[in-house]
Amino acid sequence: MSSAIPASYSPPITNLPRKPTPNTNVSLLVLCKNLQEAKQIHALMIKSSQISDTYSVSRLAEFYALSDHGSLKYAEKVLNSVEEPYPFIWNAVIRGNLIKQNPLKAILLYDQMLRRSVEPDHFTFTFLLKACTQLPAPATGKQLHSHVVKYGLENDSFIRNKLIHLYAISGSISDARKIFDTSTELDIVTWNSMLEGYADNRDGESLHQLFDRMPSRDLVSWNTMIAFHVQMGEFRQAIEVFRRMQEKGVQPNPVTLVSVLSAVACLGTLAQGRWIHAYIDKHGVELDENLGSSLINMYAKCGCLEGAIQAFQKTSNKSVDTWNAMISGLAANGQSLKALELFSKMESSGIRPNAITFSCVLNSCSHGGLVEYGVDYFRQMSEVYGIEPVIAHYGCMVDLFCRAGLFNRIEETIRTMPMKPDAVMWKALLGACRIHRNLEMGEQAGLKLIELAPDDHASYVLLSNIYAMADKWDKVHEVRKMMWKRGIMKPPGSSSIELDGVVYEFVVGDTAHSRKKEIYKMLGEMGERLKNAGYEPDAKQCLLDIDEEEVKQTSLGHHSEKLAIAFGFINTRPGTTIRVVKNLRVCGDCHSAIKLLSKIYNREIIVRDSNRFHYFKNGSCSCMDYW
DNA sequence: GTAGGGTTAG
């Protein structure tokens with residue numbers, strides 16, 4: 001044949017075709033530090049025809065789809081350039097879309113895949129089901145389930161567990177359970193998926209039953225239980241489970257400790273929080289940014305700012321959440337200006353504030369009575385940072401104006417904002433009406449609030465307080481009757497104090513305590529000294545706080561925070577700071593009394609109520625009587 | 001030559 005190369009021919013050395021061994025270029029992909037380099041390798045692969053090798057092209061598509069330096073656009077180009085794409089490439093591109101938070105696209109790719117007659121495999125379905133969980137798209141999930149059956153993959157454990165997870169979180173817990181019950185082999189992830197399903201459905205009974213039946217439990221099982229209790233507001237149980245977990249010798253990880261710290265923060269039990277912090281240090285648990293934020297939050301919510309600041313400084317990789325936790329911590333503890341200062345530092349450090357940051361910042365302005373600052377930050381938020389205010393931000397603004405008693409600006413805000421006011425907003429307004437004695441607007445806001453939040457006891461109490469203030473006693477009774485009829489119960493006020501790591505809890509009019517004699521003797525003394533200092537009880541503010549029976553038996557002197565403070569006085573050395581955590585808001589009468597007590601007994605008293613901190617010192621409070 | 005379940009922040 002004429003085209004045959006003569007035997008004598010030897011090509012010039014420079015023109016030697018540099019035929020790479022099949023995987024040379026592919027193995028270079030891992031070294032790529034940017035898209036440009038990957039494209040060069042891509043070009044080399046085309047030149048050398050290596051692109052038609054299934055393995056090589058798959059790896060290239062995988063790089064484009066999954067690497068930080070990749071590009072989904074190029075991944076898709078590769079996908080479309082291959083005649084008969086192997087499912088691997090489709091899987092990679094689908095997975096890439098999941099990573100980039102685009103689950104919808106992932107599902108659309110599956111559709112294309114079927115149109116091009118590419119048969120999905122077990123990997124494909126795990127990714128797709130994850131996409132359905134992310135969206136969430138339970139109906140699509142159900143369809144996929146039937147495809148899984150069609151392809152005979154229903155016994156794949158990964159797919160089965162994903163299906164359980166998807167059904168459980170999308171309200172079809174019985175479908176999830178059906179798969180669980182009909183599985184021939186249950187692995188730990190199956191158990192955990194089902195466990196999480198019950199946790200998600202707030203079904204504590206089934207959750208505990210399943211947990212008790214588990215043949216073995218791993219870290220995730222324990223974390224699920226702890227998180228469940230935190231979610232349900234059962235903070236002591238959360239810590240109890242944590243204790244049991246340690247007894248069983250299971251080592252906690254950052255996820256565990258984030259949950260536990262959150263529970264401690266809600267309880268306000270500083271000694272416990274310090275113990276967890278020491279545990280983290282001692283066991284060398286990695287202080288990732290989440291755990292850092294949780295520590296800051298815990299210290300801040302326990303009223304220990306120094307601790308929060310130290311944790312903040314120690315968190316090396318500060319995320320936007322880290323800054324948010326510190327800013328809100330400063331604000332809650334009455335350090336509004338410092339919070340705003342920190343916000344400036346955050347801006348100059350190059351971290352971009354998010355919507356939560358602005359809630360924290362506006363909240364700082366509100367707590368500090370810094371009206372004009374607040375107005376300016378609100379403007380900056382959309383103008384400088386392009387963050388559109390949501391209802392929560394408008395809520396902050398209303399709160400800001402409320403505290404300052406600027407009723408026309410409140411009205412203007414509510415009138416001009418692009419959404420309807422929510423219960424939180426009416427509540428803030430109602431609170432302001434009480435403090436500024438604006439009875440007319442207060443009544444209006446109260447009725448709106450009850451309309452929007454008919455199950456919230458606070459709605460009724462606040463409205464009743466307004467009526468009581470106006471001496472409209474028939475209306476007070478009306479509200480009370482309405483509450484009774486609807487079966488709304490007000491949880492009893494309770495306060496706790498932690499002494500030497502032990503938490504003592506008191507409820508209003510508590511007489512069950514083993515040291516009640518001593519406590520009531522102390523209360524008596526406190527009452528005497530308050531009276532001598534010119535204090536007069538004001539019963540109007542909390543008529544609905546306690547039952548009528550109790551009104552007769554006990555006086556305001558027996559509110560839980562006072563009981564806790566009395567107990568603190570007895571059991572600590574003079575001059576020691578008293579820290580009390582209350583489940584509801586401090587009533588106005590107690591607030592005045594505690595101010596005086598701080599002076600009479602020369603003690604710093606820190607009370608955390610359901611909204612903020614009150615630092616009572618020398619006769620005044622850090623909240624400047626706005627709360 | 002690819003996969004699974006868990007957390008927080010006003």
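Just so we're on the same page: letters track the sequence lines, and every chain starts at 1.
Note: CZ (A/Phe312) to P (B/dT8) measures 22 Å, nearest angstrom. Here the P atom of nucleotide B/dT2 and the CZ atom of A/Phe63 are 17 Å apart, to the nearest Å. Here the P atom of nucleotide B/dT7 and the CD1 atom of A/Ile280 are 18 Å apart, to the nearest Å. Across the protein-nucleic acid pair, A/Asp156 atom CG and B/dG4 atom P stand 12 Å apart, rounded to whole Å. Following rounding to the nearest Å, A/Leu195 (CG) and B/dG4 (C1') show an atom-to-atom distance of 15 Å. In this entry the distance linking OH of A/Tyr55 with C1' of B/dT2 reads 11 Å, nearest Å. Rounded to an integer number of Å, the gap from A/Arg160 CZ to B/dA3 P is 19 Å. Atom CG in A/Asp288 sits about 15 Å away from atom P in B/dA9, given to the nearest Å.
Side-chain N/O atoms of A/Lys301 include none lying less than 4.0 angstrom from OP1 or OP2 on B/dA9. For the OP1/OP2 pair of B/dA3 and a distance below 4.0 Å, the side-chain nitrogens and oxygens of A/Arg95 include at least one atom meeting the criterion. A close approach under 4.0 Å does not occur between any side-chain nitrogen or oxygen of A/His393 and OP1 or OP2 of B/dG10. Taking only side-chain nitrogens and oxygens, A/Lys162 never comes nearer than 4.0 Å to OP1 or OP2 of B/dA3.
Across all strands, A/Ala325 comes closer than 4.0 Å to no nucleic acid atom at all (heavy-atom distances). Using a 4.0 Å heavy-atom criterion, one finds that A/Ile188 contacts the bases of the nucleic acid, with or without backbone contacts as well. Residue-level contact check: A/Phe125 touches neither bases nor backbone, having no heavy atom under 4.0 Å from any strand. At the heavy-atom level, A/Ala392 lies under 4.0 Å from base atoms of the strands shown. Looking at heavy-atom distances under 4.0 Å, A/Ser328 makes contact with sugar-phosphate atoms alone, never a base. Heavy atoms of A/Asn363 sit under 4.0 angstrom from primed sugar atoms or phosphate atoms, though from no base atom.
Other residues, nucleotides and ligands place more than 12 heavy atoms under 6.0 Å from the CD atom of A/Glu247. Enclosure of atom NZ in A/Lys314 is not indicated, since only 12 or fewer non-hydrogen atoms of other residues, nucleotides or ligands lie within 6.0 angstrom.
If you check the side chains of A/Asp321 and A/Asn354, you find no donor sitting under 3.5 Å from an acceptor.
For B/dG4, the base has a donor-acceptor partner in the side chain of A/Asp187 [N/O atoms by modelled type, under 3.5 angstrom]. A/Ser359 contributes a side-chain N or O that forms a donor-acceptor pair with the base of B/dG10 under 3.5 Å.
Both cation-pi conditions hold for A/Lys318 and A/Phe312: the charged atom is under 6.0 angstrom from the six-membered ring centre and inside a 45 degree cone around its axis.
Here the side chain of A/Ser259 is nearest to one of B/dG6, B/dT7, B/dG4, namely B/dT7. With distances taken from any side-chain atom of A/His165 to the nucleotides B/dT2, B/dG4, B/dG6, the minimum falls on B/dG6. Distances from the side chain of A/Glu196 to the nucleotides B/dT7, B/dA9, B/dG6 place B/dG6 closest. Picking from B/dA3, B/dG6, B/dT8 the nucleotide with the shortest atom distance to the side chain of A/Phe123 gives B/dA3. Counting only heavy atoms from C-beta on, A/Phe158 has its side chain closest to B/dG4 among B/dG4, B/dG6, B/dT2.
Between A/His229 and A/His208, the distance separating the two ring centers is shorter than 6.0 angstrom. For an aromatic pair to be called close, the ring centres must be under 6.0 Å apart, and A/Phe127 with A/Trp90 fails this.
Taking every heavy atom of both residues into account, A/Leu362 and A/Gly374 meet most closely at CD2-O, 3.5 Å.
Sorted by first then second residue, the ring-ring contact (aromatic ring centres under 6.0 Å, His included) pairs that include residues 165-199 of chain A, not counting sequence neighbours, are A/His145-A/Tyr167, A/Phe180-A/Trp191.
Residues A/Glu240 and A/Arg243 are paired through a salt bridge, judged by an N-O separation under 4.0 Å between the basic side chain and the carboxylate.
Of the residues in residues 290-300 of chain A, A/Asn290, A/Asn297 come within less than 4.0 Å of DNA chain B through at least one heavy atom, sorted by number.
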